[in-house]
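Please read the structure below before turning to the comments.
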Amino acid sequence: MATKVIDLVYWRDVGKTGLVFTGAVVGLACLFQISAITTLSYLCLGIMCLTFPLRLYYKLLELLNWNPGLHPFQSYLDNDQSLTDEATVLLVEEAVLLIAFALTEIKRLLFIESIVGSIKFVVLMYLLTYVGILANGLTLVIIGVICLFSFPVLYKKQQGRIKRLNRMVKAFLRRIRNIFKKMYNKIRPTPTTAAPTAISATPAPAPKQKAKAK
């Protein structure tokens with residue numbers, strides 16, 4: 001499954017990737033105007049408008065003895081997409097682990113286990129409010145699909161330039177961090193150490209001897 005996704009993302013089969021990419025973008029764009037159920041229904045009807053006449057055509061050729069009974073979509077029917085018991089257990093375990101990890105992280109952030117982490121979460125949620133004003137979730141999904149099919153190919157073709165740009169950005173950030181460290185070291189007050197006071201040892205008075213009784 002992962003190999004098929006990688007093949008689609010890197011456009012190793014241009015026809016298949018183009019079909020999947022176009023269908024995903026068009027299907028998501030249709031959700032702006034019509035509901036998801038209507039979009040799915042129209043998608044299935046559109047596919048069957050192509051497959052049903054072709055199936056009838058092959059059946060007619062079979063009746064006329066011009067076709068030895070081949071099914072036009074036999075390769076798709078023979079492709080087994082069922083999951084074995086082990087694969088199903090692995091998928092369920094991964095899903096449960098992801099859900100448990102997400103719930104644990106959200107609980108840790110909401111109930112302030114780490115102040116710095118919760119502050120970052122608050123800043124992220126505050127920025128997402130502005131993102132929600134500018135674009136809805138469906139727009140972000142469409143942008144994500146376009147980036148998913150565009151960035152791997154762009155990185156593969158411009159890998160050298162991207163690496164050089166990455167090194168330049170890291171060097172710039174490192175210089176900025178060093179400047180702030182130097183400024184902080186200059187501004188930070190030096191701890192004053194109190195000089196040790198010499199304690200003058202005064203001799204203890206000698207004990208008075210009692211006068212002897214005459």
Side-chain angles (χ1 to χ4, degrees), residues 1-103 106 124-125 127-159 162:
M1 186 66 182
T3 307
K4 293 181 180 180
V5 174
I6 292 174
D7 292 340
L8 286 175
V9 168
Y10 280 95
W11 295 78
R12 291 171 183 169
D13 188 351
V14 179
K16 186 182 294 185
T17 303
L19 182 62
V20 172
F21 175 67
T22 305
V25 174
V26 172
L28 290 172
C30 291
L31 294 177
F32 283 109
Q33 302 296 330
I34 53 181
S35 65
I37 297 176
T38 308
T39 302
L40 182 62
S41 301
Y42 277 125
L43 179 63
C44 294
L45 289 175
I47 293 174
M48 292 189 68
C49 286
L50 297 176
T51 56
F52 205 86
L54 189 60
R55 180 71 178 94
L56 291 178
Y57 174 71
Y58 271 73
K59 190 67 175 177
L60 179 62
L61 293 179
E62 183 182 352
L63 293 176
L64 295 176
N65 294 325
W66 292 352
N67 183 23
L70 296 177
H71 196 288
F73 307 107
Q74 190 63 41
S75 60
Y76 295 99
L77 296 175
D78 293 338
N79 190 8
D80 189 11
Q81 298 291 340
S82 60
L83 294 175
T84 61
D85 294 339
E86 295 180 357
T88 305
V89 171
L90 289 176
L91 287 176
V92 172
E93 287 180 354
E94 290 179 359
V96 170
L97 288 175
L98 286 175
I99 293 172
F101 176 75
L103 292 176
I106 291 174
L124 177 63
M125 292 297 105
L127 293 176
L128 286 179
T129 57
Y130 286 98
V131 174
I133 294 173
L134 297 175
N136 56 13
L138 189 57
T139 305
L140 296 178
V141 172
I142 294 176
I143 294 173
V145 170
I146 295 174
C147 293
L148 178 65
F149 284 90
S150 302
F151 282 169
V153 179
L154 179 63
Y155 178 77
K156 187 176 180 180
K157 292 182 177 180
Q158 304 292 334
Q159 189 172 0
I162 293 174

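Heavy-atom neighbours of Phe151 CZ from other residues, nucleotides or ligands within 6.0 Å: at or below the threshold of 12. Counting heavy-atom neighbours within 6.0 Å of Tyr130 OH, excluding the residue itself, gives a total of 12 or less.
Ile99 CD1 to Leu97 CG: the interatomic distance, rounded to the nearest 0.5 Å, is 9.5 Å. Distance check, rounded to the nearest 0.5 Å: CG of Leu28 to CD1 of Ile146 gives 9.5 Å. We find the CG-CG distance between Leu56 and Leu61 to be 11.0 Å, quoted to the nearest 0.5 Å. Atom-to-atom distance recorded for Ile143:CD1 and Leu138:CG is 10.0 Å, nearest 0.5 angstrom. In this structure, CG on Leu103 lies 11.0 Å from CG on Leu98, to the nearest 0.5 angstrom.
Remark: Glu93 pairs with no residue by the side-chain hydrogen bond (donor to acceptor under 3.5 Å, both in side chains) rule, at least two apart or across chains. Residues meeting the side chain to side chain contact (heavy atoms under 4.5 Å, CB included) test with Glu86, sequence neighbours left out: Thr84. Residues passing the side-chain hydrogen bond (donor to acceptor under 3.5 Å, both in side chains) test with Tyr76: none are found, sequence neighbours excluded. By the ring-ring contact (aromatic ring centres under 6.0 Å, His included) test, Phe149 pairs with Phe21, sequence neighbours left out. Phe101 pairs by the ring-ring contact (aromatic ring centres under 6.0 Å, His included) definition with nothing, not counting sequence neighbours. Scanning for side chain to side chain contact (heavy atoms under 4.5 Å, CB included) contacts around Glu94 gives Leu91, with sequence neighbours left out. In terms of the side chain to side chain contact (heavy atoms under 4.5 Å, CB included) criterion, Gln33 has no residue partners (sequence neighbours excluded). Listed by chain and number, the residues in a side chain to side chain contact (heavy atoms under 4.5 Å, CB included) with Leu64 are Leu60, Trp66 (sequence neighbours excluded).
For the salt bridge (Lys or Arg N to Asp or Glu O under 4.0 Å) condition, the pairs that include at least one residue of residues 33-61, sequence neighbours left out, are Lys59-Glu62. Within the structure, the salt bridge (Lys or Arg N to Asp or Glu O under 4.0 Å) test picks out the following pairs touching residues 9-32 (sequence neighbours left out): Asp7-Arg12. Applying the side-chain hydrogen bond (donor to acceptor under 3.5 Å, both in side chains) rule to pairs touching residues 132-145 yields Asn136-Thr139, sequence neighbours excluded.
Minimum heavy-atom separation, Leu54 to Phe73: CD2-CZ, 3.6 Å. Considering all non-hydrogen atoms of both residues, Cys147 and Pro152 come closest at O-CD, 3.8 Å. Residues Ala29 and Ile142 share a closest heavy-atom pair of N-CD1, 4.0 Å.
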Just list the side-chain donor-acceptor pairs under 3.5 Å for residues 35-43, sequence neighbours left out, or say none.
residue, atom, partner, partner atom, Å
Ser35, OG, Thr38, N, 3.4
Ser35, OG, Thr38, OG1, 2.9
Thr39, OG1, Ser35, O, 2.8
Ser41, OG, Ile37, O, 2.8

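With contacts defined as side-chain heavy-atom distances shorter than 4.5 Å, the pair Leu140/Val131 qualifies.
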